[in-house]
Amino acid sequence: MKFAVSAIFALAAVVLAQPKLTNTEFNVVEGEPFEITWMNAEGPVTLTLKNGDAKNLKDVTVIQTGITGDSFTWIPSDLPSDTYAIEISDASGVPNYSIQFEYEGTGVAPSASSSAPASSTVTSTVTSEASSSAPSSTPSSESSTESSMTTSTTSTSTRSAPTSTPTNQNSEGQRFSSPLALLLVTVAAVMLFN
């Protein structure tokens, strides 16, 4: 019985150990320092700025990689106005996300559609033709050269950002990082008190 309770608590600790952003407000202003804070990270972390629907966030830019400690000061610049979220990931491989926040920026939004798969096509054609005539035997020597060259190039390029389907696990008042952890703690409590 004690082994089962210990195993459940150990499993709950692993589930709760994923990195978690601890900022309660995201008042991010272009050109001004914003401190991003977190807890429960295993090794260095990577912070990635994302945008889009909460269930289908897309990478915008990597803020920083290889960060140690429990905070990083970020100065955002050249980002378009949009709704963003910050992803934190560590050695555990389990990412976590901030709440989504509004950002007023001065950057220009990309005009290309990001829903098409990445592709690139380049076509090149070069044609050349040359002819000449030898000098004639008449006193007035004549020579001519003709040359023509045609070049045609077609280029198509489309990029799309990788997609992910995160869940917002940092909403206010949320004590546990996942429903599984809550379930495991409840089962452990029932076993302990019976």
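The figures that follow rest on heavy atoms only: side chains count, while hydrogens, waters and symmetry mates do not. One is the number of the first residue; the rest follow in order along the sequence.
- In terms of the ring pair (Phe, Tyr, Trp, His ring centres under 6.0 Å) criterion, residue partners of Phe26 (sequence neighbours excluded) are, by chain and number, Phe34, Phe101.
- Partners of Asp82 by side chain to side chain contact (heavy atoms under 4.5 Å, CB included), not counting sequence neighbours, listed by chain and number: Asn51, Tyr84.
- Looking at Glu87 and Leu57, their side chains never come closer than 4.5 Å, going by heavy atoms from C-beta outward.
- Judged as a side chain to side chain contact (heavy atoms under 4.5 Å, CB included), and not counting sequence neighbours, the contacts of Thr83 are Gln100, Glu102.
- Contact of the Leu49 side chain with the Ile86 side chain is registered, since non-hydrogen atoms from C-beta on lie closer than 4.5 Å.
- With Asp70 contributing its side chain and Met39 its backbone, the two residues share no donor-acceptor pair below 3.5 Å.
- Taken to the nearest 0.5 Å, the CD1 atom of Ile63 stands 4.5 Å off from the CH2 atom of Trp74.
- A 6.0 Å sphere centred on CD of Glu104 holds no more than 12 heavy atoms belonging to other residues, nucleotides or ligands.
- The shortest side-chain heavy-atom distance between Tyr103 and Leu79 falls under the 4.5 Å cut-off.
- The two residues Gly105 and Ser81 have their closest heavy-atom pair at N-OG, 2.9 Å.
- In terms of modelled atom types and a separation under 3.5 Å, the side chain of Asp90 and the main chain of Glu42 share a donor-acceptor contact.
- Among residues two or more places apart in sequence or in another chain, the side-chain hydrogen bond (donor to acceptor under 3.5 Å, both in side chains) test is passed with Thr61 by none.
- Between Pro80 and Val108, the closest heavy-atom pair is CB-C, 4.0 Å.
- Residues meeting the side chain to side chain contact (heavy atoms under 4.5 Å, CB included) test with Thr73, sequence neighbours left out: Pro33, Glu35.
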Report task. Please step through side chain to side chain contact (heavy atoms under 4.5 Å, CB included) for the pair Ile36 and Asn23, ending with a clear verdict. Result -> CA-CA 7 Å; Ile36 304 168; Asn23 296 73; 4.1 Å; yes
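- For the residue pair Gly66 and Thr46, the shortest heavy atom distance occurs at N-OG1, 4.3 Å.
- Judged as a side chain to side chain contact (heavy atoms under 4.5 Å, CB included), and not counting sequence neighbours, the contacts of Val94 are Gln18, Ser92.
- The ring pair (Phe, Tyr, Trp, His ring centres under 6.0 Å) pairs that include a residue from residues 38-64 number zero, where partners must be two or more places apart or lie in different chains.
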